[in-house]
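What you see below is based on every heavy atom in this structure, not just the backbone, and it leaves out hydrogens, waters and symmetry mates. Here the structure is a predicted model, which is why all the values come from computation and not from measurement.
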Amino acid sequence: MPALNPQKAESPKEPWAKLAEHGQLPSAAVELTRLRDRVTWCDMQQTFAPYLSSEGEYGLALKSDPKIILWTGLSQEMADLISSLLGSRRLYLHPVELELYRAAGRGLKLPVLTEIPTERLQRPHWLPVCLRVVPTPGGSSRFGRVAKIRLAK
């Protein structure tokens, strides 16, 4: 009968987790996105929860039209982290199908957009997007600048 090993065998940590443990959160977020190809907001929040406060009363919207909401329920630290990575072109926003968020059981209680309209919106709408390390086809200028918003209590 083989002897039981009382020590738990730890699985090797992924490179992004090693970076996050050492406080290199921007590099960890980029590495995580590179590894998974597409990362939704809820995936990013859940994955980074052990390393920083990820849920809170902030959100991100497009600067070109602040009524186009990208995600809400972020902590200030998470909102700052993602907006800086988008602004420095280390991560990019890509529109995705609503089903990607429905499959995760998450979403926003706002009317849903499938693309950015040419005219500014009068009321808030949600544009489902994911994070990727490759630019948006056709250019990322409309997706490159985001504004941090604070939700009303």
Side-chain angles (χ1 to χ4, degrees), residues 13-118 120-153:
K13 293 206 176 199
E14 295 183 42
W16 69 266
K18 290 178 185 176
L19 291 167
E21 283 179 349
H22 290 92
Q24 298 177 7
L25 297 177
S27 297
V30 171
E31 187 60 32
L32 172 72
T33 307
R34 184 183 327 280
L35 176 70
R36 295 188 183 172
D37 185 42
R38 292 177 165 197
V39 177
T40 63
W41 295 109
C42 40
D43 290 341
M44 187 66 77
Q45 283 181 286
Q46 182 180 6
T47 304
F48 274 80
Y51 307 105
L52 83 149
S53 171
S54 61
E55 300 207 10
E57 56 190 35
Y58 289 87
L60 293 175
L62 292 181
K63 269 197 178 177
S64 61
D65 187 347
K67 300 286 185 187
I68 299 177
I69 309 300
L70 302 171
W71 195 247
T72 61
L74 298 169
S75 68
Q76 183 173 358
E77 297 85 6
M78 179 66 82
D80 289 341
L81 172 67
I82 300 301
S83 62
S84 70
L85 292 170
L86 293 169
S88 64
R89 308 274 192 256
R90 292 181 68 193
L91 291 180
Y92 298 89
L93 295 172
H94 288 255
V96 294
E97 304 80 28
L98 181 58
E99 285 70 36
L100 187 63
Y101 281 92
R102 281 192 181 147
R106 300 283 305 265
L108 299 183
K109 295 180 181 179
L110 292 171
V112 177
L113 296 171
T114 56
E115 61 185 29
I116 299 176
T118 55
R120 292 187 87 151
L121 297 173
Q122 297 299 315
R123 296 183 177 189
H125 285 68
W126 175 38
L127 179 64
V129 294
C130 70
L131 299 163
R132 297 190 70 195
V133 294
V134 296
T136 310
S140 62
S141 61
R142 295 188 79 187
F143 290 104
R145 297 184 56 203
V146 297
K148 185 171 60 173
I149 56 174
R150 187 166 184 179
L151 307 176
K153 290 186 178 183

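A donor-acceptor distance shorter than 3.5 angstrom exists from the side chain of H94 to the backbone of V134, with no hydrogens or angles considered. Within the 3.5 Å criterion, the main-chain N or O of S54 finds a donor-acceptor partner in the side chain of Q45. In this structure a side-chain-to-backbone donor-acceptor pair under 3.5 Å is present from S75 to S53. In terms of modelled atom types and a separation under 3.5 Å, the side chain of T136 and the main chain of L93 share a donor-acceptor contact. In this structure, W126 contributes its side chain and L113 its backbone to no donor-acceptor pair below 3.5 Å.
For Y58, there are no ring-ring contact (aromatic ring centres under 6.0 Å, His included) partners two or more places apart in sequence or in a different chain. Residues satisfying the salt bridge (Lys or Arg N to Asp or Glu O under 4.0 Å) test with E77, not counting sequence neighbours, are none. Considering only residues two or more places apart in sequence or on other chains, E21 meets the side-chain contact (heavy atoms from CB on, under 4.5 Å) condition with K13, Y51. With sequence neighbours excluded, the residues that form a side chain to side chain donor-acceptor pair (under 3.5 Å) with D43 are T40.
In this structure, OG1 on T72 lies 11.5 Å from CD on E57, to the nearest 0.5 angstrom. For the atom pair NZ (K18) and OG (S27), the distance works out to 15.0 Å, reported to the nearest 0.5 Å. Note that CG of L121 and CD1 of I68 are 5.0 Å apart. Values are rounded to the nearest 0.5 Å. I69 CD1 to L127 CG: the interatomic distance, rounded to the nearest 0.5 Å, is 10.5 Å. A distance of 13.0 Å separates NZ in K148 from CD1 in I82, rounded to the nearest 0.5 Å. One distance of note links CZ of R90 with OG of S84; it measures 8.0 Å at 0.5 Å rounding.
Summarising the geometry of G73 relative to L151, their closest heavy-atom pair is N-CD1, 3.9 Å, with the distance given to 0.1 Å. The minimum heavy-atom distance between S83 and V146, with the atom names listed, is CB-CG2, 3.5 Å.
Applying the side chain to side chain contact (heavy atoms under 4.5 Å, CB included) test between L131 and each of D37, L85, L86 identifies L86 as the sole match.
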Less than 3.5 Å apart, which donor and acceptor atoms pair up between the side chains of residues 98-108 and the rest of the protein, not counting sequence neighbours?
from, atom 1, to, atom 2, distance (Å)
Y101, OH, W41, N, 3.2
Y101, OH, V129, O, 2.6

Which atom pairs, one a donor and one an acceptor, fall under 3.5 Å between side chains of residues 29-36 and the rest of the protein, sequence neighbours left out?
from, atom 1, to, atom 2, distance (Å)
T33, OG1, A29, O, 2.8
R36, NH1, T47, OG1, 3.3

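Residues H125 and K67 form no side-chain contact, since every pair of their non-hydrogen atoms from C-beta on lies 4.5 Å or further apart.
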